[in-house]
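No experiment lies behind these values; they were computed from the predicted model shown. Heavy-atom basis, side chains included; hydrogens, waters and symmetry copies ignored.
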Amino acid sequence: MNGSGEMTLAFELSALKTLSSPGTVFEDARRWTQYVGVISDQPTYVVTNFTRKNRIRQDFFSGPKGKAESLDSVKAQFDTDRHVFVGTTDEDRELAEAHDWEFLHVEDAAEAAEWALASEDADDERTVEEDVRDDWP
């Protein structure tokens, strides 16, 4: 077991991108969750590139599946008391509720867990990088 909690926590990729330090967020979440991963409609290589660049070790990711199918699959595979989906939009909320997941807006999650949002990080001078496929040998 990774963390001490009985929770599976899934981040929508766009929610992770709003956080100042997504890798640190994953490390922190591992202390109080059992499983943590990424759900996205983006191609697998986009998620893989983002997680590699941010040194994120995820327990699951959506792969080639859509978000709805991924939420169902993760819930079936990871049997915990709670399943929480962190997202950014009303569509994310509706999706979570339709698939029996709790929803938490990324800003609320950041405030509760004391995670910095990228816009709050005054020293953050990162440029937006175009997602390119770098998983080829």
Using modelled atom types only, decide if a donor and an acceptor are shared between the side chain of [X] and the backbone of [Y] within a distance under 3.5 Å.
| X | Y | value |
| --- | --- | --- |
| D59 | V36 | yes |
| D41 | G66 | no |
| D28 | T24 | no |

Note to self: F60: which residues meet the ring pair (Phe, Tyr, Trp, His ring centres under 6.0 Å) condition with it, sequence neighbours left out?
What the structure shows: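 Partners of F60 under the ring pair (Phe, Tyr, Trp, His ring centres under 6.0 Å) test: F78.
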
Note to self: Could you go through V84 and M7, starting from their C-alpha distance and side-chain angles, then the distance that decides it, and tell me whether this counts as side chain to side chain contact (heavy atoms under 4.5 Å, CB included)?
What the structure shows: CA-CA 7 Å; V84 179; M7 180 193 314; 3.8 Å; yes

Next item on the list: Check the surroundings of atom CG in D108: do more than 12 heavy atoms from other residues, nucleotides or ligands lie under 6.0 Å from it?
Entry: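 Atom CG in D108 is packed in, count exceeds 12.
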
Notebook entry, point to check: Is the CD atom of E111 crowded by more than 12 outside heavy atoms at less than 6.0 Å?
Noted result: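 Check fails, neighbour count at 12 or below.
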
How long is the gap from [atom1] on [X] to [atom2] on [Y], to the nearest 0.5 Å?
| X | Y | atom1 | atom2 | value |
| --- | --- | --- | --- | --- |
| E6 | W32 | CD | CH2 | 14.0 Å |
| I39 | S14 | CD1 | OG | 12.0 Å |
| K53 | I56 | NZ | CD1 | 12.0 Å |
| K75 | S70 | NZ | OG | 14.5 Å |
| N54 | K17 | CG | NZ | 10.0 Å |

Heavy-atom side-chain contact between [X] and [Y] under 4.5 Å:
| X | Y | value |
| --- | --- | --- |
| R57 | R30 | yes |
| F85 | L71 | yes |
| K67 | D92 | yes |
| V86 | E12 | no |
| T33 | R82 | no |
| F50 | V38 | no |

Checklist line | Modelled atom types, side-chain donor and acceptor of T8 and T80, under 3.5 Å | finding: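 Yes.
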
Notebook entry, point to check: So, for L117 and A110, which heavy atoms are closest and what is the spacing to 0.1 Å?
Noted result: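 The pair with the smallest heavy-atom distance is CD2-CB, 3.9 Å.
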
Note to self: Using every non-hydrogen atom in the two residues, find where S40 and V47 come nearest and quote the distance to one decimal.
What the structure shows: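 Answer, listing the atom of S40 first, then V47: CB-CG2, 3.9 Å.
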
Item checked: ring-ring contact (aromatic ring centres under 6.0 Å, His included) pairs, two or more places apart, involving residues 87-110 ->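 Applying ring-ring contact (aromatic ring centres under 6.0 Å, His included) to every pair that reaches into residues 87-110, excluding sequence neighbours, yields H83-W101.
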
Item checked: Stepwise ring pair (Phe, Tyr, Trp, His ring centres under 6.0 Å) check, F11 with F26 -> CA-CA 10 Å; F11 286 90; F26 259 65; 5.5 Å; yes

Note to self: Applying side chain to side chain donor-acceptor pair (under 3.5 Å), can you list everything that pairs with K65, at least two apart in sequence or on another chain?
What the structure shows: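 Scan of K65 (side chain to side chain donor-acceptor pair (under 3.5 Å), adjacent residues dropped) gives S73.
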
Margin query: Test side chain to side chain contact (heavy atoms under 4.5 Å, CB included) on L16 and L19; report intermediate values, then the result.
Written below: CA-CA 5 Å; L16 274 179; L19 297 166; 4.1 Å; yes

